[in-house]
2 protein chains.
Amino acid sequence: MTESHNAPRRRGRPPKQPDGQLETRLALIRRGMEVLTERGFTATGLEGFLKQVGVPKGSFYHYFDSKEAFGRAVMDSYARYFERKLDRHLLNTQLSPLQRLDEFVADASAGMARHGFRRGCLVGNMGQEVAVLPDDFRQQLDAILHSWQQRLTVCLQAAQAQGELSAALDAEELAQFFWIGWEGAVLRARLQCSAAPLDVFYSGFLRMISANCSGSMISDTQ
Amino acid sequence: MTESHNAPRRRGRPPKQPDGQLETRLALIRRGMEVLTERGFTATGLEGFLKQVGVPKGSFYHYFDSKEAFGRAVMDSYARYFERKLDRHLLNTQLSPLQRLDEFVADASAGMARHGFRRGCLVGNMGQEVAVLPDDFRQQLDAILHSWQQRLTVCLQAAQAQGELSAALDAEELAQFFWIGWEGAVLRARLQCSAAPLDVFYSGFLRMISANCSGSMISDTQ
DNA sequence: CTATTTATAGACTGATCGTTTATTAAAATA
DNA sequence: TATTTTAATAAACGATCAGTCTATAAATAG
């Protein structure tokens, strides 16, 4: 008996959602973002994590093939969460482009303070674990940073278009510089339990892009 | 205590070295620096590590009270190793102060490349693990970074004294900025398996300190 | 010799790791 | 109702974790 045309109707209990975006699954991912941002991937044991979320172990493997697969899902979710946050700030046309970046930095800084500087950046955390993680993790993390970099590049180019930033500067190189340094600042802020490193880096970055510099970074004396 | 004057001579087998700086202990620490720089502390299992070094478990616990104590010893050793490296470069009076920093950066970059960008910075690695490490680890790591910062501050002040760097800049703040960004660059270099992030950060840093920043002062030197 | 201490050696412990298997509950069709 | 299929969970598994234990070899002193 092969089903026909538009109403095949399978026999048993149907999946809650076509793809599998269950309530429990979402709770696992949400809490996963928090915990992995604080403790990292390797150091987080499934047992203790699941106990926190109140989900039995058997259920976990119903939603995810493995801890690795879970890690990938959390990474994806974090990437989308952070991209939304970046877009919310960097595309806010009510502010000037550089003011938007100010707002993002202030928001991120307040976020770290709110969690007592215990949480860092999921990408930074897992980036340090890269040696003990599958190789596609590394590629994914790099891709995520690249997407952030792209968004900042656009914002900086807007700043150039509005005359807020010297057109002689390479916006993409500046964006690259920002994320390199920002990840370092987040790490340092956790070590110091203080927002000072974030401020030091960002004010330095602002000085750098507002200074009277010549076009490319590779031109230097000595 | 019936021992007298200058030849007490204890009873049993004497330690190989007066204080305990044994060959085996040193081998453990040396290899520990390498492994922890690559895989981090938490992700490194004692069993597998000791098998690599060829030291039985019984020996390990003869030299160290615990994995934690071992971690502290490795941290200490790495701090001293890195301080020696910094001093070698930053106190090299045959070069100008900024050239010394150039040399350090080139050396570090070559080192990362030599190990295929698999190894990062021990301080950066363990810094990300701070949430799952004893609190004194965090303090120690922060102190280590502070000592590096101090050394760079001195070097930058020397650059100011020689007119190589604007005296209007805050040398200590610049040094702070450098290490914040450098740790981020090392992390990113591992992710990209490339020295590019190191170059991007350092050339940006150079431009920042050579530009007419902080609203005052002469800029061009030489 | 015996006594004592350093250093090596590895089997063993209980806890926890990520994962698997088996079972029960629920929701649909027939 | 009975049947089918998926949702959800409980319990158990082998491997590995950090750490302990006992045993033994080596080197000194009495």
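Fair warning: this is a prediction, and the values are worked out from it, not measured in the lab.
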CZ on R190(A) to CD on E38(A), rounded to 0.5 Å: 7.5 Å
Verdict with supporting geometry, E47(B) and K57(B), salt bridge (charged side-chain N to carboxylate O under 4.0 Å, His left out): CA-CA 7 Å; E47(B) 198 96 28; K57(B) 218 164 197 182; 3.1 Å; yes
Spacing of K51(A) atom NZ relative to dC17(C) atom P, expressed in whole Å: 10 Å
Sidechain N-carboxylate O distance under 4.0 Å for R138(B), D135(B): yes
Rounded distance in Å - NE2 (H62(B)) to P (dT5(C)): 13 Å
S59(B) side chain near dT8(C) phosphate (N/O to OP1/OP2, under 4.0 Å): yes
Validation row, ring centre Y63(A) to ring centre F70(A) under 6.0 Å: no
N/O (side chain, T24(B)) to phosphate O (OP1/OP2, dT8(C)) under 4.0 Å: yes
Flag if over 12 foreign heavy atoms under 6.0 Å of CG, D136(A): yes
Check ion pair E34(B)-R31(B) (N to O, under 4.0 angstrom): yes
Separation of atom CZ in F49(A) from atom P in dC17(C), rounded to whole Å: 13 Å
Annotated protein contacts, base or backbone, on nucleotides 16-21 of chain D with a non-hydrogen cut-off under 4.0 Å, one of B, S, - each: -SBBB-
